[in-house]
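Encoded as structure tokens, the structure appears first; notes follow it.
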Amino acid sequence: MKNLFLLLFIPLFFLSCVEVEKEFEVVIVEFGDLTSLNDNKQYGNFEIKVPEINDNVMEEGAVLAYIERAATEERPQRWSQFPQYNPVWKEIGDTTFSYLSYGEGFVRISLQSETSVEGIAETFKGLKLKLVIFE
């Protein structure tokens, strides 16, 4: 029994002595106009400058994104993980997909649609995107 205690206690003791430092930064950006739109309007993207995404982030970090859901009389303000299902897209009458990618100094939100991304791009315009950037 004593040996079992030591086998369990010693690793826990060493793990409790290790200090893990997590470095992250929160940046809020806003959707503007589409940066690019292809000729048939089925693909477009927003490219937003984010200087906080540096080579350290590219080498060993990550970027998470959350889109703001503004407060209404029925519910409080909140953040939803991005990309996400958005009922507004269904109201537009089209299947539209969105996804986020990032590179050094920027994030890109790409939109792809069966017909046109212009409707959802207009819906996104002015919305806030919270980026949690881990180094």
Side-chain angles (χ1 to χ4, degrees):
M1 186 67 154
K2 182 179 175 185
N3 289 338
L4 179 61
F5 174 75
L6 290 175
L7 284 173
L8 293 174
F9 176 75
I10 291 173
L12 288 175
F13 174 76
F14 284 112
L15 285 175
S16 67
C17 295
V18 176
E19 184 177 326
V20 177
E21 187 176 320
K22 295 181 181 178
E23 293 186 32
F24 68 92
E25 187 168 353
V26 176
V27 176
I28 308 288
V29 296
E30 192 171 295
F31 286 92
D33 292 319
L34 283 173
T35 307
S36 69
L37 181 64
N38 71 355
D39 290 340
N40 67 9
K41 301 181 181 178
Q42 292 179 327
Y43 176 84
N45 62 50
F46 299 94
E47 191 165 300
I48 303 168
K49 292 183 184 202
V50 185
E52 293 85 356
I53 301 175
N54 56 34
D55 58 339
N56 288 339
V57 174
M58 295 302 294
E59 290 290 323
E60 299 181 23
V63 177
L64 300 176
Y66 300 87
I67 194 162
E68 183 180 38
R69 305 288 300 274
T72 66
E73 289 183 19
E74 294 85 32
R75 59 182 183 245
Q77 184 264 358
R78 62 204 188 282
W79 296 93
S80 296
Q81 189 170 10
F82 186 84
Q84 61 153 359
Y85 169 75
N86 188 335
V88 174
W89 301 352
K90 196 172 186 178
E91 292 173 15
I92 292 172
D94 184 19
T95 302
T96 303
F97 297 95
S98 64
Y99 53 95
L100 179 133
S101 58
Y102 64 91
E104 191 168 338
F106 71 93
V107 294
R108 180 178 294 141
I109 295 84
S110 300
L111 306 173
Q112 200 164 5
S113 170
E114 295 173 334
T115 57
S116 172
V117 298
E118 291 176 306
I120 194 64
E122 207 44 48
T123 301
F124 278 172
K125 193 173 181 177
L127 293 179
K128 292 180 182 156
L129 192 65
K130 179 190 285 189
L131 303 171
V132 182
I133 303 168
F134 293 90
E135 280 202 41

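If you read the sequence from its start, that first residue is 1, and numbering goes on from there.
For Asp39, the side chain to side chain contact (heavy atoms under 4.5 Å, CB included) criterion is met by no residue, not counting sequence neighbours. In this structure, the side chain to side chain contact (heavy atoms under 4.5 Å, CB included) partners of Arg108, at least two apart in sequence or on a different chain, are Asn45, Glu47, Ser101, Phe106, Ser110. Glu25 pairs by the salt bridge (charged side-chain N to carboxylate O under 4.0 Å, His left out) definition with nothing, not counting sequence neighbours. Considering only residues two or more places apart in sequence or on other chains, Glu122 meets the side-chain hydrogen bond (donor to acceptor under 3.5 Å, both in side chains) condition with none of them. Every residue was checked against the side-chain hydrogen bond (donor to acceptor under 3.5 Å, both in side chains) condition with Glu30, not counting sequence neighbours, and none meets it.
How far CD of Gln42 is from OG of Ser113: 6.5 Å, rounded to the nearest 0.5 Å. Here the CD-CD1 distance, from Glu104 to Ile53, works out to 9.5 Å after rounding to the nearest 0.5 Å.
Clustering ILVMFWY residues whenever any of their side-chain heavy atoms sit less than 4.5 angstrom apart, transitively, puts Ile109 in a cluster other than the one holding Tyr43.
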For residues 58-68, run the donor-acceptor check on the side chains, cut-off 3.5 Å, and write out each pair with its distance to 0.1 Å, sequence neighbours left out.
| from | atom 1 | to | atom 2 | distance (Å) |
| --- | --- | --- | --- | --- |
| Glu68 | OE2 | Gln77 | NE2 | 3.1 |

Show me the side-chain donor-acceptor pairs of residues 124-135 shorter than 3.5 Å, one per line, residues at least two apart or across chains.
| from | atom 1 | to | atom 2 | distance (Å) |
| --- | --- | --- | --- | --- |
| Lys125 | NZ | Asp33 | OD1 | 2.6 |
| Glu135 | OE1 | Asn56 | ND2 | 3.2 |

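Contact of the Ser98 side chain with the Phe82 side chain is registered, since non-hydrogen atoms from C-beta on lie closer than 4.5 Å.
When each of Thr123, Leu37, Leu111 is paired with Glu118, the side-chain contact (heavy atoms from CB on, under 4.5 Å) condition holds for Leu37 and for no other.
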